[in-house]
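Okay, structure first, notes after.
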Amino acid sequence: MKAAVIVFPGSNCDRDAAVALERISGSPPLMLWHKDTVVPRLDLIVVPGGFSFGDYLRAGAMAARSPIMRGVAEQARAGTPVLGICNGFQVLCEAGLLPGVLMHNAGIRFVCREVHLRVDNNLTLFTRRYAAGDVLRVPIAHNEGNFFADDATVHELEGEGRVVFRYCRPDGMLDDDANPNGSVAAIAGIINKQGNVLGMMPHPERAWEPRLGGTDGRALFESVVTALA
């Protein structure tokens, strides 16, 4: 599998994503700098977490306009799988590859802890190793993870099964206390219409082996590797 991780000034989860990809797929990914203007043909692109450009202006807004994002968008439109994690999710929304926006967390406080996620769609190439309704325990660390979209967009996401992950209680039920940032409909991850671009705020690359404190994120990477094999 030929994968790449995009690196922006301020990315801090790029190496975590690269290690997870290499250990699970057996192949080290390319590390592509944000100023690169040529993106080679790839099987998978990861836009990692961090604080690109210090999150100045608006989280992900400046990174979304980096030269390399033109190539990322071209490959996404051609069907290449793209995974955006945390800041990567913000970048993909700002780049127009996913709908909606990530606003400041409800309460206007940075949140760093483990949360529970319910798998609402296990039919994507990123979630095939999970069962629908599975509850995962995965870390979050963000200041702007409050997913928002207008009613029509949320209705479309729901109707088309494009809400992939939701914040939930350990038993899989939804309530406000289990929603760490106030996201509309407790949305933690969505996929595009074409089914090849996934954005999620939680960090599966920090939960794929026991010494990280959990392994619930591993199946996400295994799903992609298996789908692309």
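Keep in mind that what you see is a predicted model, and the values were worked out from it rather than measured.
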Check: L125 and V224 side chains under 4.5 Å, non-hydrogen atoms: yes

Joint cluster assignment, V138 & V19, ILVMFWY side-chain distance < 4.5 Å: yes

Between CG on residue L97 and CG on residue L198, distance to nearest 0.5 Å: 12.5 Å

Non-hydrogen side-chain atoms of V101 and E144 separated by less than 4.5 Å: no

Under 3.5 Å: donor-acceptor pair, side chain of D120, backbone of V163: no

Cluster check L92, V184: I/L/V/M/F/W/Y, side chain < 4.5 angstrom: yes

Polar side-chain atom of D36 near backbone of V38 as donor-acceptor pair, under 3.5 Å: no

Interatomic distance, R162 atom CZ to I191 atom CD1 [nearest 0.5 angstrom]: 9.0 Å

Side chain to side chain donor-acceptor pair (under 3.5 Å): pairs with one or both residues in residues 10-26, sequence neighbours excluded: none

Under the side chain to side chain contact (heavy atoms under 4.5 Å, CB included) test, residues paired with D134 that sit two or more places apart: V119, Y130, A131, L136

R41, CZ atom: more than 12 neighbouring heavy atoms under 6.0 Å: yes

For the student: nearest non-hydrogen atoms of R206 and A141, plus distance: NH1-CB, 3.7 Å

Non-hydrogen side-chain atoms of L220 and M200 separated by less than 4.5 Å: yes

Stepwise side chain to side chain contact (heavy atoms under 4.5 Å, CB included) test for R218 and I24: CA-CA 8 Å; R218 185 181 183 93; I24 295 171; 4.0 Å; yes

Joint cluster assignment, M103 & F147, ILVMFWY side-chain distance < 4.5 Å: no

Pairwise side-chain contact, C13 with F51, heavy-atom cut-off 4.5 Å (strictly under): no

Exam field: side chain N105 to backbone G145, donor-acceptor pair closer than 3.5 Å: yes

Worked check of side chain to side chain donor-acceptor pair (under 3.5 Å) between R128 and T226: CA-CA 9 Å; R128 293 176 182 174; T226 301; over 6 Å; no

D171 atom CG, neighbour heavy-atom count above 12 within 6.0 Å: yes

Side chain proximity check, E156 to K193, heavy atoms < 4.5 angstrom: yes

Shortest non-hydrogen contact between L117 and A188, atoms and distance: CD2-CB, 3.7 Å

Residue D175 excluded, over 12 heavy atoms near CG under 6.0 Å: yes

Cluster check L57, M69: I/L/V/M/F/W/Y, side chain < 4.5 angstrom: yes

Reported CG-to-NE2 distance for the pair D150 and H155, which is rounded to 0.5 angstrom: 12.0 Å

Exercise: identify the closest heavy-atom pair between V135 and P170: CG1-O, 3.7 Å

Considering all heavy atoms, the nearest S52-N87 contact: OG-OD1, 2.8 Å

Cluster link L83 to M1, ILVMFWY, side chain under 4.5 Å: yes

Heavy-atom side-chain contact between P139 and L212 under 4.5 Å: no

Pairwise distance OG1(T215) to CZ(R137) - rounded to 0.5 angstrom: 8.5 Å

Heavy-atom check, side chain of V39 versus side chain of I68, under 4.5 Å: yes

Trace of the side chain to side chain contact (heavy atoms under 4.5 Å, CB included) decision for D151 with T153: CA-CA 5 Å; D151 290 345; T153 301; over 6 Å; no

Donor-acceptor contact below 3.5 Å, side chain R118 vs main chain R166: no

Pair listing, ring-ring contact (aromatic ring centres under 6.0 Å, His included) test, anchored in residues 52-78, at least two apart: H34-F53

Spatial distance of atom CG (L30) from atom CG (L21) [nearest 0.5 Å]: 11.0 Å

M201 side chain reached by P180 side chain, heavy atoms, under 4.5 Å: no

Point-to-point distance, once rounded to the nearest 0.5 Å, from CD1 of I190 to OG of S183: 10.5 Å

Distance-only polar pair, side chains of H104 and N146, donor-acceptor under 3.5 Å: no

Expected output: side-chain N196 to main-chain T80 donor-acceptor under 3.5 Å: yes

Considering all heavy atoms, the nearest V91-G60 contact: CG2-CA, 3.8 Å

Nearest non-hydrogen partners of P67 and K35, listed with the distance: CB-O, 3.9 Å

